[in-house]
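To keep things clear, I will list the structure first and then write my remarks on it.
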2 protein chains.
Amino acid sequence: MALQENVRTHIDCGDCPIRHRAVCARCESDELKLLEEMKYYRTYEAGQTVIWSGDKMDFVASVVEGIATLTQTMEDGRTQMVGLLLPSDFVGRPGRDQAAYDVTATTRLTMCCFRKKPFEDMMMNTPHIGQRLLEMTLDELDAAREWMLLLGRKTAREKIASLLAIIARRDATLKLSNSRGQVVFDLPLTREAMADYLGLTLETVSRQISALKRDGVIELEGKRHVTVPDMERLLDETGDDTDGGVFA
Amino acid sequence: MALQENVRTHIDCGDCPIRHRAVCARCESDELKLLEEMKYYRTYEAGQTVIWSGDKMDFVASVVEGIATLTQTMEDGRTQMVGLLLPSDFVGRPGRDQAAYDVTATTRLTMCCFRKKPFEDMMMNTPHIGQRLLEMTLDELDAAREWMLLLGRKTAREKIASLLAIIARRDATLKLSNSRGQVVFDLPLTREAMADYLGLTLETVSRQISALKRDGVIELEGKRHVTVPDMERLLDETGDDTDGGVFA
DNA sequence: CGTAAATTTGAGCCCCTTCAAGTTAAGTGG
DNA sequence: CCACTTAACTTGAAGGGGCTCAAATTTACG
């Protein structure tokens, strides 16, 4: 079992939970057939490293289930998370054979991997994959730029509120709770991972979470289970446009 | 002349200085012909706003000459630059009709604009444009992530050194000076623009530039003309891997 | 129940910001 | 050509937000 634990039996693309959002979203059934042939599943335990920066990558992949992080590290150990990978997100870059970032599973993680060479060949011949990948990459670029604003200009309190709002919003769409009422979710990240995401120390993260709790913006059960009694109130704390934008 | 100053006569794609690096880089001559029909040039003076965030965008464009910035602003005025647009860089997003960021010319700027609808149609039919755009977007995403590390984890001194190194390196490739010896260039940005890029105040930028000058890392003539006597030394100050990477 | 990891909390300090003033540089009109 | 104006930049002094170092507390788990 030890050796086999990160190998999974084959799943039919038609039954895949990320079928309509992943890089394969636009593929026709004949294209899916080709993908079926080059794909394989791998699973990782929480905390396991999926890829080390600089490693040779002979595959690209989609996150099927679980959460992973993309991080960059300086020589002296300073670490910055540069991406949070959720189900349907894409890992790896066609045309590059060495990983640029560390990829780490923060929960149990299942990935749908494609052997790189066949995948690249397919990208050349079928536009649907490249089109979808472009769309996803543009979305990621927008997310990265939003994060640049957070890292460069927001206060610690605003940073925490922003992170909580993002997680809350994501969970709200999944659980279809009324997004302006009470929202409940579990933090998928440790305080240290949050610090690495927000460009803070873990102590500051802890202090600001305590402060938000003290001020009634959030409620905590244990360390990870969060209740947001008033989403509007949390959004006020992020520093972002409140109205959500007639134009946005 | 006032009304006409931002309109330019037609330039043949074959003679275009960014022909081999822009979004059109992979196009065949028949594809270029199609682009010729939907393109037009516009120029802007230094300081002029090209697009306001939220504006309706009926075109996408390539920077032909000059430098522009992409910035995001919070309600209270805090601003963060999220991109620096150099010749051959692409502006706008196919499939989106409202600008997500402010675009401002920092020098005299010439752009090659494509009417959006025809451009999008062409992307559907000719893969070369989409392929190149994907490549460029992935590069931008990498740049944005490198910037996240800078914003989140670097000190003010390291931030300044990193910015100078990027500009120096870019100018070095253009002027083919020996990249490990003396490098000379002009800063294309004001202190305030640098501050907005680096997530600092303009006072801190000024102080750190003075400090680097005092320490002999750079020499200044006037406010904008910079000489780097020892590029290696400057790179040491950035906090990045010195060796440049056997693996990188 | 015991150990280690995750988290919280405290105290002091330092880097960067804020506020303020002074200096340099680049026009502009007389 | 020079006074005037304004934007860009530099420098100083003081304060604060987040960091560092340290210890206590909670939680997870064998």
Side-chain angles (χ1 to χ4, degrees), chain A residues 45-48 74 76-80 104 106-108 150-164 186-215 218-226 237 239, chain B residues 45-48 69 74 76-80 104 106-107 150-164 186-215 218-226 237 239:
Chain A
E45 295 306 311
Q48 255 191 300
M74 296 170 70
D76 60 7
R78 281 177 282 175
T79 305
Q80 175 65 51
T104 311
T106 62
T107 65
R108 177 170 249 271
L150 177 145
L151 290 171
R153 295 304 187 191
K154 288 192 178 181
T155 65
R157 186 180 174 100
E158 287 170 340
K159 286 179 176 181
I160 297 288
S162 299
L163 179 60
L164 294 176
D186 284 300
L187 287 172
L189 302 173
T190 65
R191 299 289 187 263
E192 186 178 21
M194 288 190 250
D196 285 343
Y197 205 172
L198 300 171
L200 298 170
T201 60
L202 66 91
E203 293 96 330
T204 299
V205 170
S206 182
R207 266 185 265 267
Q208 295 298 336
I209 288 180
S210 298
L212 287 175
K213 177 180 160 193
R214 185 166 52 248
D215 298 344
I218 59 171
E219 289 156 22
L220 276 182
E221 251 178 293
K223 308 299 186 188
R224 299 291 191 90
H225 193 73
V226 179
E237 297 282 355
Chain B
E45 296 306 311
Q48 256 192 301
T69 63
M74 296 170 69
D76 60 7
R78 283 177 281 176
T79 55
Q80 175 65 51
T104 312
T106 63
T107 65
L150 177 145
L151 290 172
R153 294 305 185 192
K154 288 191 177 180
T155 65
R157 185 181 175 99
E158 289 170 339
K159 286 179 175 181
I160 297 287
S162 299
L163 179 59
L164 293 177
D186 284 299
L187 288 172
L189 302 174
T190 65
R191 301 289 188 263
E192 186 177 22
M194 289 190 249
D196 285 342
Y197 205 173
L198 300 170
L200 297 171
T201 60
L202 66 92
E203 293 95 330
T204 299
V205 170
S206 181
R207 267 185 264 267
Q208 294 297 336
I209 288 180
S210 299
L212 288 175
K213 177 180 161 192
R214 183 165 54 248
D215 297 343
I218 59 172
E219 290 156 21
L220 274 182
E221 250 178 294
K223 309 299 186 186
R224 298 289 193 91
H225 193 73
V226 179
E237 297 282 356

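Letters A, B, ... are given to chains in the order of the sequence lines, protein chains preceding strands, and every chain is numbered from 1. Just the heavy atoms: all of them, side chains too, but no hydrogens, waters or symmetry mates, feed the values below.
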List in chain and number order the residues that pass side-chain contact (heavy atoms from CB on, under 4.5 Å) with B:Thr107, two or more places apart in sequence or in another chain; answer none if no residue qualifies. B:Ile67

Gap separating the NZ atom of A:Lys223 from the OG1 atom of A:Thr190, nearest 0.5 angstrom: 13.5 Å

Could you check whether A:Arg108 pairs with A:Glu45 (Lys NZ or Arg NE/NH1/NH2 to Asp/Glu carboxylate O, under 4.0 Å)? yes

Kindly say if B:Thr201 contacts the phosphate of C:dT17, meaning a side-chain N or O under 4.0 Å from OP1 or OP2. yes

Between the protein and nucleotides 6-8 of chain C, list every N/O to N/O distance that falls short of 3.5 Å.
residue	atom	partner	partner atom	Å
C:dT7	OP1	A:Arg224	NE	3.1
C:dT7	OP2	A:Arg191	N	3.0
C:dT8	OP1	A:Arg191	NH2	2.9
C:dT8	OP2	A:Arg191	NE	2.6
C:dT8	OP2	A:Ser206	OG	2.6
C:dT8	O5'	A:Ser206	OG	3.0

Distance col, row A:Leu163:CG vs A:Leu187:CG, nearest 0.5 angstrom, shows 7.5 Å

The reported gap from CD1 in A:Ile218 to CD1 in A:Ile209 (rounded to nearest 0.5 angstrom) is 6.0 Å

The side-chain contact (heavy atoms from CB on, under 4.5 Å) partners of B:Thr69 (sequence neighbours excluded) come to B:Thr71, B:Met81, B:Leu84, B:Thr104, B:Thr106, B:Leu189

Residues that B:Asp196 engages under side chain to side chain donor-acceptor pair (under 3.5 Å), provided they are two or more places apart: A:Arg153, B:Thr79

Just jot down the side chain to side chain donor-acceptor pair (under 3.5 Å) partners of A:Arg78, sequence neighbours excluded, or say none. A:Asp76, B:Glu158

Bounded by its outermost nucleotides with an atom under 4.0 Å from a heavy atom of chain A, the footprint on DNA chain D reads D:dG18 to D:dT27

Take the protein atom CZ of B:Arg153 and the nucleotide atom P of C:dC15, then report the distance between them rounded to whole Å. 17 Å

With sequence neighbours left out, the residues meeting salt bridge (charged side-chain N to carboxylate O under 4.0 Å, His left out) with B:Arg157 are B:Asp215, B:Glu237

So B:Gly47, base contact, sugar-phosphate only, or nothing? Heavy-atom distance under 4.0 Å. nothing

Residues of residues 155-163 of chain A with any non-hydrogen atom less than 4.0 angstrom from an atom of DNA chain D: list those, numerically ordered, please. A:Thr155, A:Ala156

Not counting sequence neighbours, which residues clear side chain to side chain donor-acceptor pair (under 3.5 Å) with B:Arg207? List them please. none

B:Tyr197 and B:Leu151: which non-hydrogen atoms are nearest, and at how many Å? O-CD2, 3.7 Å

Can you name the salt bridge (charged side-chain N to carboxylate O under 4.0 Å, His left out) partners of B:Lys154, sequence neighbours left out? B:Asp240

To the nearest 10°, let me know how far the axis at one end of the helix from C:dC1-D:dG30 to C:dG30-D:dC1 is tilted from the axis at the other, five pairs an end. 40°

Please table the atom pairs, donor to acceptor, closer than 3.5 Å between any side-chain atom in residues 198-205 of chain A and protein atoms at least two apart or in another chain.
residue	atom	partner	partner atom	Å
A:Thr201	OG1	A:Thr204	N	3.3
A:Thr201	OG1	A:Thr204	OG1	3.0

